[in-house]
Amino acid sequence: IYIDKMKQFEQCLNLELRKANRVISQIYDGFLSQCGLKTSQFSILRAIKYLQNTTNSELQDTLVLDQTSLSRALKPLIRDGYIEVRPGADRRQKQLILSSQGKALYKEAEGLWQQAQSHVAGKLGPEAKQSLLEMSDAVVALKA
């Protein structure tokens with residue numbers, strides 16, 4: 001009943017995207033929980049894996065995260081030895097790389113992520129999946 005009443009009003013794009021994001025995150029988190037990671041942490045490990053040697057600033061840009069959110073997500077990964085922090089080009093900058101433990105965790109998590117990816121893609125179907133990816137690109141482009 002509540003949802004039907006809400007549909008009488010113009011839907012808030014922000015709310016609708018956040019609801020969809022929470023559902024997707026819960027699904028991926030469910031799969032990744034087997035290795036003790038949250039989707040946000042896996043995304044960071046994945047970005048560092050592909051960037052190989054990166055900085056906070058590059059990660060912020062890549063993942064479209066603010067500094068506070070990135071720092072909060074990085075802290076346990078660094079503390080637990082999955083990410084190594086090395087001196088950067090200057091004193092303000094630090095280089096982030098996956099440790100051997102981080103590479104092993106990423107490899108374990110990647111299979112679980114692939115299961116989540118296949119699960120969601122299968123539920124959405126090819127057309128909705130492609131529309132979601134295109135919509136995501138369009139929304140992220142608003143940042144520019």
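Values below: all heavy atoms of this structure, side chains included; hydrogens, waters and symmetry mates excluded.
- Residues Val23 and Lys19 form no side-chain contact, since every pair of their non-hydrogen atoms from C-beta on lies 4.5 Å or further apart.
- The backbone N or O of Tyr82 sits less than 3.5 Å from a side-chain atom of Ser99, completing a donor-acceptor pair.
- Scanning both residues, Gln101 and Gly81, for their nearest heavy atoms gives OE1-O, 3.5 Å.
- The 12-atom threshold is exceeded at CD of Glu134, counting heavy atoms of other residues, nucleotides or ligands nearer than 6.0 Å.
- Heavy atoms of other residues, nucleotides or ligands lying less than 6.0 angstrom from CZ of Arg18 number 12 at most.
- Note: Ser118 OG to Trp113 CH2 = 8.5 Å, rounded to the nearest 0.5 Å.
- Hydrophobic clustering places Leu105 together with Val85 (ILVMFWY residues linked when any side-chain heavy atoms are closer than 4.5 Å, directly or through intermediates).
- Taking the six-membered ring where tryptophan is involved, the planes of Tyr106 and Phe42 are essentially parallel, since the angle between them stays under 30° and well short of 60°.
- Note that CZ of Arg46 and CG of Leu37 are 13.5 Å apart. Values are rounded to the nearest 0.5 Å.
- For Gln34 against Glu108, the heavy-atom pair with the smallest separation is O-OE2, 4.2 Å.
- The CG atom of Leu124 sits 9.5 Å away from atom NE2 of His119, with the distance rounded to the nearest 0.5 Å.
- Two residues are said to be in side-chain contact when any heavy atoms from C-beta on lie closer than 4.5 Å; Ile97 and Ile83 fail this criterion.
- Residues Gly36 and Gln41 come closest through the heavy atom pair O-OE1, 4.1 Å.
- Counting only heavy atoms from C-beta outward, the side chains of Leu96 and Leu51 never approach each other to under 4.5 Å.
- Taken to the nearest 0.5 Å, the CD atom of Gln117 stands 6.0 Å off from the CD atom of Gln114.
- Between Lys129 and Leu133, the closest side-chain pair of non-hydrogen atoms falls below 4.5 Å.
- Note on Leu63 and Tyr50: same hydrophobic cluster, where clusters join Ile, Leu, Val, Met, Phe, Trp and Tyr whose side-chain heavy atoms are under 4.5 Å apart, directly or indirectly.
- Between the side chains of Thr62 and Glu58, not a single donor N or O lies within less than 3.5 Å of an accepting N or O.
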Step by step, would you call Glu110 with Lys107 a salt bridge (Lys or Arg N to Asp or Glu O under 4.0 Å)?
CA-CA 5 Å; Glu110 186 178 32; Lys107 188 173 182 176; over 6 Å; no
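- Of all heavy-atom pairs between Leu32 and Thr39, the closest is CD1-CA, 3.8 Å.
- With a 4.5 Å cut-off on side-chain heavy atoms, Thr55 and Gln95 count as touching.
- Note that CD of Gln67 is 8.0 Å distant from CG of Leu74, once rounded to the nearest 0.5 Å.
- Pairing each heavy atom of Leu70 with each of Gln60, the nearest pair is CD2-CG, 3.6 Å.
- Across Ile44 and Ala73, no two heavy atoms sit closer than the pair CD1-CB, 3.3 Å.
- The side-chain heavy atoms of Lys123 and Val120, taken from C-beta on, include no pair separated by under 4.5 Å.
- Atom CG of residue Asp61 and atom CG of residue Asn56 lie 11.0 Å apart, to the nearest 0.5 angstrom.
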